[in-house]
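First up is the structure itself, then whatever we jot down about it.
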Amino acid sequence: MSVEIELKFIVSPAAIATLPERIAAWPNQHSAPQKLTNIYYETADNFLRNHDMGLRIRGFDDSYEMTIKTAGSVVGGLHQRPEYNVAIAKPVLALKKFPADIWPEGCKLAPLQKALQPLFRTDFVREKWVVTYGASEIEIGFDQGEVRAGELAEPLCELELELKSGETADLLALAAALAEQGGLRQGSLSKAARGYHLAQGNAERELRPLSVLKPAPKSTVEQGMVAAFELALSHWQYHEELWLRGDKQARRAVMEAIGLIRQALVIFGGLVPRKASTDLRARLTALEPLLVDKTTQPQELCYGTEYLQCKLALTSWLITGAWRPFIDTKSQAKLDGSFKRFSDIMLGRSASELKEAFTRTLNEDEYQEQLPRLTRQVLAFILLSGAYPDSETGPYIDSWRELQSAIAERRQGWYEASRKQALSHAPFWLNGAVR
Ligand SMILES: O=P(O)(O)OP(=O)(O)OP(=O)(O)O
């Protein structure tokens, strides 16, 4: 078994021609382009997908390899997944060759193998370089081809950076250096994920409303903080994809994701000093006006250098725990404390800020003036309410969201009723039950 640690980028058509040259500027070992054919297998009831597994047979030259990837994590474009590779003599499944302990409990291999059928395929040409960067060896693969399920197909044009030996920090630094000339954006979907989507009919991807962050029970404050940034990054990644595919409303969701990052920096700002996030905040500040501008074309923005470097800065901040050198013993003790207890205190603060802001009838200008504050505090509720059941948090947060959209859409007739409704909800975090 090996754990694949891989940063994936989508390459813009304009950048394809110069990319090999850019890569070859570092000390490297180059391998000539190779044609790879991959058939992915699945059962009629999606057994593998339901267990977060992906199975393929890859053909190259006259050889075959069978690979299974199991559940892992994706943070921005950084994919970490356990994978098992077995050389096979002919392109026929032989599940017994994988270690026995990778399968879900009770799984019978012979019937499973019988039920597996080809579902989709990827065909691409991969050009490879192994680059020495810092103290690390990093394999760069440039894949061009397509993913196909029956009649439906999508082009593939990806750059994958895989850490062969050394440090994740070098992987991220090499990515930032490659980003300098533009033409790349982070890709959060594996080729298999794209294949499954096509095989299921390629339904239009829908906007996803932000729902309450649910960190693992008994999370520490630091774990809750990491989960908050991960939520923001995945909301960003997902909606960037939609925006590029033509959904104009997704731009707002990308802005919302950035708002979430800002709010997380505020919420944890008492523990993580501002100087730990100076670079990240500067990059966000540069990006925000471009996102606010409705005339911005996603193809230009999302493949731009500043945009990618901002997202890489966040990925890197998260993956390397870049705040840690700035944390003193006292703050570390607080970061090790209960996220639930911390959240209760912060929820109280958010609620009293809103209560104060909306305690009386406001005029139109005053409502508009309070909108940014209300937007920030709704995001705070999203990040801090995960310890409570949706049945308690939902009505509370929705009532503030209702006021938020009434103000944003200038539905003046709704202001008063929404304001009173929001203020009438009892705080769910003071309900007394020990959790
Ligand atoms: O060659 P791999 O294992 O990196 O796999 P891939 O065909 O590039 O697919 P993905 O990395 O998207 O799972």
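Whatever order the structure lists ligands and atoms in, that order sets their numbers, starting from 1. Keep in mind the model is a prediction, meaning the values are calculated, not measured.
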Legend entry - side-chain contact (heavy atoms from CB on, under 4.5 Å) between F60 and K35, worked out: CA-CA 6 Å; F60 49 100; K35 193 168 178 296; over 6 Å; no
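- Atom numbering of ligand 1 starts at 1 in the shown order; those under 4.0 Å from a heavy atom of E6 are 4 (O), 11 (O).
- For R56, the heavy-atom gap to ligand 1 drops under 4.0 angstrom.
- A salt bridge is defined here as a Lys NZ or Arg NE, NH1 or NH2 lying under 4.0 Å from an Asp or Glu carboxylate O, and E146 with R148 meets this definition.
- Considering backbone and side-chain N/O atoms, E162 never comes within less than 3.5 Å of an N/O atom of ligand 1.
- Looking only at heavy atoms of the protein, atom 7 (O) of ligand 1 is closest to R58 NH2, 2.8 Å.
- A salt bridge between R194 and E241 is absent, with no side-chain N of the basic residue lying under 4.0 Å from a carboxylate O of the acidic one.
- For the pair K8 and ligand 1, the shortest N or O to N or O distance falls below 3.5 Å.
- Expressed to the nearest 0.5 Å, how far CZ of R205 lies from CG of D247 amounts to 12.0 Å.
- Residues R208 and E256 are not paired through a salt bridge, judged by the lack of any N-O separation under 4.0 Å between the basic side chain and the carboxylate.
- Atom CD1 of residue I39 and atom OH of residue Y41 lie 5.5 Å apart, to the nearest 0.5 angstrom.
- Between K69 and ligand 1, a contact under 3.5 Å exists for at least one N or O pair.
- With ligand atoms numbered from 1 in the order given, ligand 1 contributes 12 (O), 13 (O) to contacts under 4.0 Å with heavy atoms of S190.
- With a 4.0 Å cut-off on non-hydrogen atoms, H79 does not touch ligand 1 at all.
- Under a 4.0 Å criterion applied to the non-hydrogen atoms of E160, ligand 1 contributes the atoms 4 (O), 8 (O), 10 (P), 11 (O), 12 (O).
- Within 6.0 Å of CZ in R252 there are 12 or fewer heavy atoms belonging to other residues, nucleotides or ligands.
- Of the candidates K311, R245, Q186, E240 forms a side chain to side chain donor-acceptor pair (under 3.5 Å) with just one, namely K311.
- Proximity of R81 to ligand 1, defined as any heavy-atom pair under 4.0 Å, is confined to the side chain (atoms from C-beta onward).
- Close contacts of ligand 1 with F124, meaning ligand atoms under 4.0 Å from a residue heavy atom, involve 7 (O).
- The protein heavy atom nearest to atom 6 (P) of ligand 1 is K191 NZ, 3.5 Å.
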